[in-house]
Amino acid sequence: MIMNTSKNDNYSSNCESLGKFFIPTKKDSDEFSETAKLMMKSGMIHKLSSGIYAWLPLGYKILSIVEKIISDKFEDIGFNRMCLPTLHPASLWIETGRYEVYGKEMLKIKDRNESDLVFGPTAEEACVDMVRNKIKLHDLPVKVFNIQWKFRDELRPRYGIVRCREFLMCDGYSFHETEKDALDFYDNVSEAYKEVFDELGLDVISKPAETGEIGGSKSHEFLIESEIGEDTAVVDGVEKSFMELGHIFLLGTRYSEPMNLKVTNSENKTNALVMSCYGIGVSRLVGALVEKYSVENGINWPKNIAPFKITILNMCKDSEKADKTCEKIRRKFSKTTYIVSGKKSPGEKFAVSDLIGSPIKIIIGNKQLESDSVEVRVISDKTHYIKIDEIIDFLDKVI
RNA sequence: CGGGGCGUAGCGCAGUCUGGCAGCGCAUCUGCUUUGGGAGCAGGGGGUCAGAGGUUCAAAUCCUCUCGCCCCGACCA
């Protein structure tokens, strides 16, 4: 929708389509919460049904960036990335007794043979099935994780992707010989979680929690203060609303025992493995980030999360010099530059750029162009006027 | 799952009470004007009135059923 639509394009037509990126912004949205409203207005997500959202290119870009930050951290502490299916045979859930216990949030499906399937609301059973009969003593500890869509048939979805039915979750699973090994690694993961949230600029607290339906002996949840939080915690004597972003559990033998995940140890005894699981709501995390970085008319993304680090506002209608300057910058920073141009009004261009929220905004207007300059606004810095000849060097420094 | 509300053009809505040509704003397309904070004028296109059944000469409108969505509450990752 926003693209280079200059008619005077005989010098740039070959490249024009390269800069296109589909961002259908909206003037307004009737979403209830500010976070969901902003995500709809900026063209990040589209609702298909109650609690079921499509991720448009802009939203998916942010989701992917967050996913990468989490994934890198998990690999840093020794997890191997893998991928479990979204659909699990009901038989696995019957083995642990959760098929009946989990409740109406679990989506049960039948395939063409009338076999019962489950769209996984979580994946402990699937993961155990993947590793059982394969792990030998010398393999331990085994640490795997995946980032996969989950479905929980919420009674009442709300706040856009913050509490939806289909959501992206990073779920890690570790298997240990002893409870002590499991506990040590549990602390490593807890530390890694804090580093991830720090990297994203989120003030997250961890707090001991109930293990609930999932079972196990120890758990911590990771919470962020939020207007639309649905958990409460007491901080400094004041009860506040929090949104849960992650939860880790020391599961013990809750799954390994009934599913017969065992190894024979050095004393020739066969014991059930000690299992832990670690979850982060990746798609919900994007909601928390939008809430955190939202400003008056849009968003101010920090550089390490921004879907586009640079937004160029081409205010000129038929200026070859302006178009060529856009193209010069886009070629150098092609994956992270978004150009707002065409015959839209200046107001609309600024409004769209506010919604995209790049930390660096370059404004190409007739006034500065007369002196071969452009205006560059850098978040948390002043406005610079830079000569076109020096723009690439300047951007290299601030990006 | 209980209570309430809504469903009419892509989006937001009026029309429903009192049956009688399918409307308005925004968006979109065309042309001209405008170009530093979501522009102006003119013209055009776009409809399974949520769905099914019923009443009637005639149904968006009345009746019955079904579905979907939203808000509150309860429940819960």
Side-chain angles (χ1 to χ4, degrees), chain A residues 1-2 5-7 23-33 36-37 40-43 46-53 98 101-107 120-124 150-171 209-215 219 221-223 229-232 242-249 277-285 296-298 312-319 322 340-356 361-369 374-375 377 383 385:
Chain A
M1 181 171 183
I2 313 303
T5 52
S6 168
K7 280 186 242 167
I23 307 180
T25 59
K26 294 167 72 172
K27 244 179 182 171
D28 207 1
S29 153
D30 61 348
E31 275 291 337
F32 189 71
S33 72
K37 193 180 282 190
M40 299 294 286
K41 279 169 66 179
S42 59
H46 164 81
K47 180 161 73 179
L48 284 83
S49 180
S50 178
I52 299 181
Y53 290 81
R98 286 212 293 177
V101 171
Y102 204 94
K104 290 185 175 173
E105 286 191 4
M106 185 158 76
L107 178 61
T122 175
E124 286 74 23
K150 303 289 188 290
F151 191 93
R152 290 180 192 172
D153 203 354
E154 293 280 348
L155 291 163
R156 187 147 91 85
R158 64 191 107 169
Y159 310 136
I161 48 89
V162 168
R163 186 188 176 90
C164 54
R165 296 196 291 170
E166 190 176 357
F167 59 96
L168 190 62
M169 179 171 167
C170 170
D171 42 325
E210 301 294 318
T211 51
E213 159 285 319
I214 200 166
S219 100
E221 51 190 7
F222 293 79
L223 307 171
E230 299 184 278
D231 294 78
T232 56
F242 286 85
M243 186 195 292
E244 182 180 335
L245 295 178
H247 206 151
I248 60 179
F249 300 86
C277 72
Y278 319 92
I280 296 181
V282 183
S283 46
R284 175 179 285 185
L285 199 43
E296 172 116 26
N297 295 318
I312 306 175
L313 291 89
N314 183 353
M315 310 307 290
C316 310
K317 192 176 69 170
D318 278 321
S319 161
V340 184
S341 63
K343 59 181 179 180
K344 285 173 279 294
S345 70
E348 186 175 349
K349 286 174 183 170
F350 279 111
V352 167
S353 120
D354 288 343
L355 287 170
I356 293 166
K361 297 190 177 77
I362 301 171
I363 301 157
I364 303 179
N366 284 319
K367 248 182 220 166
Q368 280 78 43
L369 217 50
V374 295
E375 174 181 343
R377 295 182 189 172
T383 295
Y385 294 90

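Each chain gets a letter, A, B and so on, in the order the sequences are listed, and its residues count up from 1.
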Using salt bridge (Lys or Arg N to Asp or Glu O under 4.0 Å) as the criterion, list what pairs up with A/Glu166, not counting sequence neighbours.
none
Rounding to an integer number of Å, can you tell me how far A/Lys361 NZ sits from B/G36 C1'?
15 Å
By nearest nucleotide on RNA chain B, pick out whichever of A/Leu245 and A/Gln368 is the more 5' one.
A/Gln368
N/O donor-acceptor pairs under 3.5 Å from side chains in residues 361-369 of chain A, not counting sequence neighbours:
| from | atom 1 | to | atom 2 | distance (Å) |
| --- | --- | --- | --- | --- |
| A/Lys361 | NZ | A/Ser358 | O | 3.2 |

Ranking A/Ala351 and A/Pro121 by the position along RNA chain B of their nearest nucleotide, the one closer to 5' is A/Ala351
Tell me every residue that passes side chain to side chain contact (heavy atoms under 4.5 Å, CB included) with A/Leu155, counting only those two or more places apart in sequence or in another chain.
none
Apply side-chain hydrogen bond (donor to acceptor under 3.5 Å, both in side chains) to A/Asn297 and list each qualifying residue two or more places apart in sequence or on a separate chain.
none
I'd like to check A/Leu285 versus A/Ile280 (side-chain heavy atoms, cut-off strictly below 4.5 Å). Are they in contact?
yes
Rounding to an integer number of Å, can you tell me how far A/Lys349 NZ sits from B/A39 C1'?
12 Å
Among B/A27, B/G36, B/G12, the nucleotide that comes nearest once only the side chain of A/Ile363 is considered
B/G36
Results of salt bridge (Lys or Arg N to Asp or Glu O under 4.0 Å) for A/Asp28 - residues two or more places apart only:
none
Give the rounded distance in Å between these two atoms: NZ of A/Lys317 and P of B/G36.
12 Å
Atom pairs, protein N/O to nucleotides 69-76 of chain B N/O, distance under 3.5 Å:
| from | atom 1 | to | atom 2 | distance (Å) |
| --- | --- | --- | --- | --- |
| B/C69 | OP1 | A/Ser49 | OG | 2.7 |
| B/C69 | OP1 | A/Ser50 | N | 3.2 |
| B/C70 | OP1 | A/Lys47 | NZ | 3.2 |
| B/C70 | OP2 | A/Ser50 | OG | 2.9 |
| B/C72 | OP2 | A/Arg156 | NH1 | 2.8 |
| B/C72 | OP2 | A/Arg156 | NH2 | 2.5 |
| B/C76 | O2 | A/Arg163 | NH1 | 3.4 |
| B/C76 | O2 | A/Arg163 | NH2 | 2.9 |
| B/C76 | N3 | A/Arg163 | NH2 | 3.4 |

